[in-house]
**Student:** 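Input: one structure, supplied below.
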Amino acid sequence: GSLTVMQLRTINAEDSESDQKQRAAEIQWQFLLHLTNYNYSATHEISIPGQGEDVQKTVTQATCPICLDGLSDGDEVSQPLCSHIFHRSCLEGWVETLSHNLAQHRRDFTEQVLCPLRCDSAKVGLVNAITPVSS
C-alpha cells in the first residue's frame, strides 16, 4: 500500500520542556489528521482508507480494543488507516500518549504505526524525523 508521509521539524538536544510540549502537539496534530471520525452504527459500511472508495467492509467489530467496552449506535468512533474502530476518546488518548513519548525520547524514526493493534496498513511515513542536532 501507499505510505502517507508527513513533514516534521528537527529538534535540538537542548530543547526545553515547552519545546518538547510544542513538538508533541505538532506530532499529535499530524497523527490526528490521519484518523477518520464518525458516529458508530452496527449496520454501517466503512471504506478502508487508502484502499479506494470501492473497497467496503461491513462493521462486525463490537468492542473498542483499547477500553474493551462495547460500541453502541451513535458512539463517536475513530478509524486509523486500517479497518479497526476505536472509541474516539480512547484512540485520541492513545495518540496523545504516543506523541508525548516520541517528543520526549527524541529518537530517530522514519515511520509510525497509527493503530494500537500495530496494523501495517496504518503506517505513516515521517520526513525529517525527530533527530537530535548536536551543537
Side-chain angles (χ1 to χ4, degrees):
S2 66
L3 192 65
T4 304
V5 178
M6 50 183 168
Q7 181 78 31
L8 298 174
R9 70 179 170 87
T10 303
I11 60 172
N12 295 311
E14 306 84 28
D15 281 350
S16 68
E17 185 177 333
S18 65
D19 290 332
Q20 286 182 21
K21 286 181 182 178
Q22 179 182 352
R23 178 80 175 133
E26 290 173 7
I27 294 170
Q28 183 176 353
W29 173 251
Q30 291 296 323
F31 287 171
L32 292 175
L33 291 175
H34 291 88
L35 303 180
T36 302
N37 300 311
Y38 57 93
N39 289 329
Y40 178 80
S41 170
T43 59
H44 180 72
E45 284 194 353
I46 59 171
S47 293
I48 301 174
Q51 303 275 324
E53 292 182 32
D54 55 327
V55 178
Q56 298 286 317
K57 179 180 176 183
T58 302
V59 177
T60 56
Q61 181 181 323
T63 59
C64 172
I66 295 175
C67 69
L68 303 179
D69 283 346
L71 298 172
S72 302
D73 284 349
D75 284 355
E76 285 188 67
V77 294
S78 288
Q79 178 185 353
L81 301 171
C82 60
S83 61
H84 292 111
I85 301 168
F86 304 86
H87 287 118
R88 184 175 179 175
S89 60
C90 293
L91 190 57
E92 287 179 357
W94 179 82
V95 167
E96 181 179 3
T97 300
L98 174 67
S99 302
H100 286 283
N101 286 341
L102 292 173
Q104 182 180 21
H105 292 109
R106 298 184 185 124
R107 56 174 222 203
D108 278 340
F109 62 102
T110 57
E111 63 186 22
Q112 178 62 47
V113 176
L114 293 183
C115 177
L117 301 178
R118 310 295 298 154
C119 297
D120 281 342
S121 60
K123 285 182 182 175
V124 175
L126 303 167
V127 178
N128 256 352
I130 301 175
T131 307
V133 176
S134 55
S135 304

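What you see is a predicted model; the values in this text were computed from it and never measured.
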**Student:** Do Q22 and E26 touch side chain to side chain, with heavy atoms closer than 4.5 Å?
**Tutor:**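 Sidechains of E26 and Q22: in contact.
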**Student:** From K123 NZ over to R118 CZ, what is the distance, rounded to the nearest 0.5 angstrom?
**Tutor:**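 Rounded to the nearest 0.5 Å, the NZ-CZ separation comes to 8.5 Å.
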**Student:** Can you list, by chain and residue number, the hydrophobic cluster partners of V113 when the side-chain cut-off is 4.5 Å?
**Tutor:**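 Noted: V113 shares its cluster with no other residue.
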**Student:** How close do P65 and L68 get, counting heavy atoms only, and between which atoms?
**Tutor:**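 Taking P65 first and L68 second, the nearest heavy atoms are O-CD2, 3.8 Å.
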**Student:** Measuring from L71:CG to T63:OG1, what's the distance to the nearest 0.5 Å?
**Tutor:**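 Result: 6.5 Å between the selected atoms.
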**Student:** Specify the closest pair of heavy atoms between D73 and A42, including all atoms of both residues, with the distance to one decimal.
**Tutor:**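 Closest approach of D73 to A42, heavy atoms only: OD1-N, 2.9 Å.
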**Student:** State, with a plain yes or no, whether a side-chain heavy atom of C115 is found less than 4.5 Å away from one of F86.
**Tutor:**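 They are in contact (side-chain heavy atoms under 4.5 Å apart), so the answer is yes.
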**Student:** Using a 4.5 Å cut-off on heavy atoms from C-beta on, say whether the side chain of L81 contacts that of S121.
**Tutor:**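 In short, these two side chains do not touch, never coming nearer than 4.5 Å.
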**Student:** Taking all non-hydrogen atoms of both residues, which atom of N39 and which atom of G74 are closest, and how far apart?
**Tutor:**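 So the minimum-distance heavy-atom pair works out to OD1-O, 3.6 Å.
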**Student:** Could you give the side-chain donor-acceptor pairs of residues 88-96 under 3.5 Å, partners two or more places apart or in another chain?
**Tutor:**
residue, atom, partner, partner atom, Å
R88, NE, E92, OE2, 2.8
R88, NH1, E76, OE1, 3.2

**Student:** Does some side-chain heavy atom of D75 sit less than 4.5 Å from a side-chain heavy atom of H87?
**Tutor:**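 Contact flag for H87/D75 side chains = yes.
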**Student:** Nearest 0.5 Å please: distance from the CG atom of L98 over to the CG atom of L114.
**Tutor:**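 Separation between the atoms: 7.0 Å.
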**Student:** Given a cutoff of under 4.5 Å between side-chain heavy atoms of I, L, V, M, F, W and Y, with clusters grown through shared members, what are the other residues clustered with W29?
**Tutor:**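 Cluster partners of W29: L33.
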